[in-house]
*Asks:* 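Please read through the structure below; I'll follow up with questions.
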Amino acid sequence: MAPVFVPMNPLKEWLAGFYRRFVSLRGDPRHISLGFAIGVFIGTTPTIPFHTTLVLAASALFRQHLSSAYLGSWLISNPLTIPILYVSQYEAGRLLLGMERCTLVLPDYSLASVAGLGWEILLPLQVGGLLFAPVFALPAYLVTRRLLVAWRAEKA
């Protein structure tokens with residue numbers, strides 16, 4: 001009898017793929033975790049057309065794990081999270097700067113679209129992004145390192 005193919009939930013399949021790619025990374029857990037945190041830091045900032053370039057440059061500059069950095073950026077910055085991140089970063093930056101709320105209508109989520117809205121949107125968005133980035137990157141480093149060490153100890 002042929003095995004029955006049962007399709008996975010798309011989100012579950014996406015998470016399973018991410019997990020397979022992440023646990024297959026080779027290298028020191030510290031470097032992988034730092035690379036992941038760099039990716040999360042960059043992915044959290046509203047610099048979306050430049051994420052890959054910034055991940056490449058930061059990984060090379062700080063000599064951390066490039067694949068891990070790319071995975072971190074991809075995990076935090078995807079079509080499901082970007083609208084939530086951008087709106088919350090704008091609100092946080094606006095409150096921090098004491099600015100009034102203005103109309104926010106984006107035709108897409110590119111930096112060019114955001115820049116077209118003007119400095120009233122771009123400044124609080126960037127300030128909020130820089131505020132959020134370390135808040136996400138530090139736990140990403142700590143959790144990633146702990147999970148990698150535990151997973152490798154269990155595997156050995």
Side-chain angles (χ1 to χ4, degrees), residues 1-96 104 106 108-115 122 124-156:
M1 181 175 199
V4 177
F5 176 73
V6 179
M8 292 176 74
N9 175 338
L11 179 61
K12 194 173 183 179
E13 189 174 323
W14 181 80
L15 289 172
F18 179 83
Y19 176 76
R20 278 192 306 273
R21 278 181 238 129
F22 190 75
V23 296
S24 68
L25 294 175
R26 296 173 191 250
D28 178 40
R30 182 177 176 272
H31 288 285
I32 293 172
S33 302
L34 282 171
F36 192 78
I38 287 170
V40 167
F41 187 96
I42 291 169
T44 305
T45 61
T47 54
I48 195 153
F50 307 111
H51 280 176
T52 301
T53 303
L54 292 171
V55 163
L56 287 170
S59 296
L61 179 68
F62 297 112
R63 297 181 178 197
Q64 299 304 324
H65 204 278
L66 173 62
S67 298
S68 178
Y70 180 74
L71 286 173
S73 174
W74 181 66
L75 179 68
I76 195 77
S77 180
N78 58 64
L80 294 176
T81 59
I82 288 172
I84 297 165
L85 280 174
Y86 279 22
V87 170
S88 58
Q89 289 170 353
Y90 166 77
E91 288 296 329
R94 185 185 64 77
L95 291 172
L96 189 67
L104 178 64
L106 292 173
D108 56 43
Y109 298 110
S110 69
L111 186 60
S113 294
V114 174
L122 195 55
L125 187 61
Q126 293 297 328
V127 169
L130 290 176
L131 183 72
F132 278 38
V135 171
F136 284 89
L138 181 61
Y141 169 75
L142 296 171
V143 170
T144 303
R145 185 168 178 167
R146 187 175 193 115
L147 288 175
L148 278 173
V149 169
W151 184 79
R152 288 183 177 178
E154 183 180 302
K155 187 178 174 187

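Numbering of residues begins at 1 and proceeds along the displayed sequence.
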*Asks:* State, to 0.1 Å, how close H65 and L25 come at their nearest heavy-atom pair, and which atoms those are.
*Replies:* CE1-CD2, 3.6 Å
*Asks:* Quick one: pull up OG in S73 and CD1 in I38 and give me the separation to the nearest 0.5 Å.
*Replies:* 11.5 Å
*Asks:* Just do the side-chain contact (heavy atoms from CB on, under 4.5 Å) check on T44 and V135 with the steps written out, would you?
*Replies:* CA-CA 10 Å; T44 305; V135 171; over 6 Å; no
*Asks:* Looking only at non-hydrogen atoms, find the nearest pair between R145 and R30 and report the distance.
*Replies:* NH1-CG, 3.5 Å
*Asks:* State the CG-CZ distance between L130 and F41, to the nearest 0.5 angstrom.
*Replies:*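 One finds 6.0 Å between CG of L130 and CZ of F41.
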*Asks:* When rounded to the nearest 0.5 angstrom, what distance separates CD1 in I76 from CG in L71?
*Replies:*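 Output value for this atom pair is 13.0 Å.
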*Asks:* Return the minimal non-hydrogen interatomic distance between Y70 and T52, and the atom names on each side.
*Replies:*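 Taking every non-hydrogen atom into account, CE1-OG1, 4.2 Å.
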*Asks:* How close do R26 and R152 get, heavy atom to heavy atom, and via which atoms?
*Replies:*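 Nearest heavy atoms, R26 then R152: CA-NH2, 4.1 Å.
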*Asks:* Would you say the side-chain atoms of Q126 pair up with the backbone N or O of P46, donor to acceptor, closer than 3.5 Å?
*Replies:*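 Yes: the side chain of Q126 pairs with the backbone of P46.
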*Asks:* Taking atom CG of L34 and atom CG of D28, what is their separation to the nearest 0.5 Å?
*Replies:* 9.0 Å
*Asks:* First locate atom CZ of F136, then atom OG1 of T81, and finally report the distance between them rounded to the nearest 0.5 Å.
*Replies:*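 Spacing of CZ (F136) from OG1 (T81) equals 9.0 Å.
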*Asks:* Which heavy atom of I42 sits nearest to which heavy atom of L54, and what is that distance?
*Replies:*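 Answer, listing the atom of I42 first, then L54: CD1-O, 3.4 Å.
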*Asks:* Out of curiosity, E154 CD to W151 CH2, how far, rounded to the nearest 0.5 Å?
*Replies:*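 The CH2 atom of W151 is 9.0 Å from CD of E154, to the nearest 0.5 Å.
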*Asks:* Strictly distance-based, threshold 3.5 Å: is any side-chain N or O of S59 a donor or acceptor partner for the main-chain N or O of L56?
*Replies:* no
*Asks:* Should we count CZ of R21 as having more than 12 external heavy atoms under 6.0 Å?
*Replies:*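 Check passes, neighbour count above 12.
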*Asks:* Looking at every non-hydrogen atom in both residues, tell me the closest pair between A92 and F132 and how far apart they are.
*Replies:* CB-CE1, 3.6 Å
